[in-house]
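Scroll down for the structure; my scribbles are underneath it.
Indexing begins at 1, ligand by ligand and atom by atom, following the structure's order.
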Amino acid sequence: MIIEKIKKQSQEYGVPWWKLPDMMMIYLAVLNIFTMIGTYWWFSSHWYDPRAAVLVVAGEAILITVFGNVIVETTKKVVSINRLRREFIDIMSHQMRTPTSITRWYIELLLGSKESQLSEKQRNYISSIADANSKMISLINDLLNLINVEDNKTQFNIEKTDLKKIVEQTIKSQALFATSRNITVDFKSGRLRQALAKADPIKFKMALENILNNAIKYSPSGGKVEVKVTLTVDGWLCEVKDSGLGIKQDEKAFIFEKFYRTKDKRKLDIQGTGLGLFICKALISGMDGDIWFTSKEGKGTSFFLRLPKQ
Ligand code: ADP
């Protein structure tokens with residue numbers, strides 16, 4: 001019964017059982033008992049007035065109980081605010097998904113239909129709506145992925161995966177975006193026929209898409225992005241190298257943090273949520289892989305994704 005309750009609370013709060021606020025009460029009670037025994041022992045061996053011992057022990061017990069309670073109550077409040085925040089993001093993202101998808105279908109219908117009598121000006125307006133709609137959809141997807149990653153709900157289907165094939169598919173999926181920004185993307189696969197890794201193909205594609213998308217969006221027009229897949233002793237290494245703006249030294253420690261967006265003035269106009277790399281890291285780590293980067297401001301950045309070989 002109690003174990004069930006603890007399990008439920010631990011899931012609800014998203015923390016291990018030994019970190020639950022109620023467990024803190026138990027730690028405090030144990031601390032109280034030891035402090036009482038210790039004080040009583042010290043008094044009885046140094047000072048023989050039992051009334052003083054009783055007073056000090058009682059004072060300590062009151063202090064520990066009062067401060068302990070304040071800490072536990074504050075922790076409970078923080079945990080419940082955090083839970084509410086997660087629930088809010090979850091509900092909001094799910095609710096927004098349907099209307100944004102419906103808007104997308106109608107936009108595509110309008111722009112794609114041959115019969116539509118739209119003037120050039122009207123087409124431009126609808127293209128702007130399409131643009132805003134895509135940003136909204138990618139924000140919603142990022143938020144939903146964030147919730148899954150934070151709640152450890154992401155399911156990984158690890159299987160024999162050809163990374164080379166996925167890199168090719170990902171480059172294709174980003175081709176339009178690259179062309180619109182006048183960036184060339186090259187895949188240097190050498191003589192590689194296959195790159196068989198132990199990975200979840202969908203999650204790897206998601207992570208790579210984000211890295212490649214960043215490489216394109218943080219590169220000035222005319223830039224070049226190179227993707228390389230090589231076999232190392234530790235597994236398959238996929239490198240995405242750009243010749244873009246780079247990452248400032250003082251920002252390097254934060255870019256994998258949730259909601260971290262750059263303070264770099266040159267990048268402020270570039271759209272983003274600050275969630276991409278946080279999600280990438282969780283996805284790659286969930287596949288027993290590694291992700292890291294090297295960067296020189298003004299020269300470019302290389303992101304590395306390493307996954308275990310099959
Ligand atoms: P965002 O939505 O802001 O792109 P990310 O989590 O994907 O969020 O990236 C976090 C930050 O890392 C970005 O705001 C940007 O400053 C920096 N960054 C990521 N990739 C690159 C890159 N290839 N070149 C330069 N800066 C990058």
Using a strict threshold of under 4.0 Å (side-chain N to carboxylate O), is an ion pair present between [Y] and [X]?
| X | Y | result |
| --- | --- | --- |
| Glu108 | Arg104 | yes |
| Asp288 | Lys198 | no |
| Asp250 | Lys248 | no |

Only heavy atoms of [X], strictly under 4.0 Å: list the atoms of ligand 1 that pass.
| X | result |
| --- | --- |
| Thr262 | 14 (O), 16 (O) |
| Ile247 | 25 (C), 26 (N), 27 (C) |
| Tyr260 | 10 (C) |
| Gly246 | 25 (C), 26 (N) |

Checklist entry - Which bit of Asn210 is near ligand 1, meaning a heavy atom under 4.0 Å away: side chain, backbone, both or neither? => result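 Looking at Asn210 and ligand 1, just side chain atoms fall under 4.0 Å.
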Checklist entry - Under 4.0 Å from ligand 1, counting heavy atoms only, is it the side chain of Lys217, its backbone, both or neither? => result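 Within the 4.0 Å criterion, Lys217 contacts ligand 1 through side-chain atoms alone.
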Nearest non-hydrogen protein atom, [atom]:
| atom | result |
| --- | --- |
| atom 3 (O) of ligand 1 | Arg261 NE, 2.6 Å |
| atom 27 (C) of ligand 1 | Tyr218 CD1, 3.6 Å |
| atom 5 (P) of ligand 1 | Leu277 N, 3.7 Å |
| atom 23 (N) of ligand 1 | Asp242 OD2, 2.9 Å |
| atom 2 (O) of ligand 1 | Thr273 N, 2.8 Å |
| atom 26 (N) of ligand 1 | Lys267 NZ, 2.9 Å |

Please determine whether any non-hydrogen atom of [X] lies less than 4.0 Å from an atom of ligand 1.
| X | value |
| --- | --- |
| Thr301 | yes |
| Glu251 | no |
| Phe303 | yes |

Next on the checklist: Is the positively charged end of Lys217 above the ring of Phe177, judged by distance under 6.0 angstrom from the centroid and angle within 45° of the axis?
Outcome noted: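 Because its charged atom misses either the 6.0 Å distance or the 45° angle limit, Lys217 does not stack over Phe177.
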Checklist entry - Among Thr65, Thr39, Thr35, whose side-chain hydrogen bond (donor to acceptor under 3.5 Å, both in side chains) with Glu60 holds? => result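 For Glu60, the side-chain hydrogen bond (donor to acceptor under 3.5 Å, both in side chains) check succeeds only for Thr39.
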Tell me whether [X] contacts the main-chain N or O of [Y] through its side chain, where contact means a donor paired with an acceptor under 3.5 Å.
| X | Y | result |
| --- | --- | --- |
| Asp162 | Ala195 | yes |
| Arg181 | Ser219 | yes |
| Thr170 | Leu208 | no |
| Trp236 | Leu196 | yes |

Next on the checklist: Nearest non-hydrogen contact with atom 7 (O) of ligand 1 belongs to which option: Asn214, Leu275, Ile255?
Outcome noted: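 Answer by nearest heavy atom: Asn214.
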Checklist entry - Which is closest to atom 8 (O) of ligand 1 in terms of heavy atoms, Ser219, Gly274, Gly272? => result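 Answer by nearest heavy atom: Gly274.
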Item to check | Donor-acceptor side-chain pairing of Arg261 and Thr273 below 3.5 angstrom | outcome: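 The criterion, which ignores hydrogens and geometry beyond distance, is not satisfied for Thr273 and Arg261.
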Checklist entry - Is atom CD1 of Ile102 surrounded by more than 12 heavy atoms (other residues, nucleotides or ligands) closer than 6.0 Å? => result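 Yes, the 6.0 Å shell around CD1 holds more than 12 heavy atoms from other groups.
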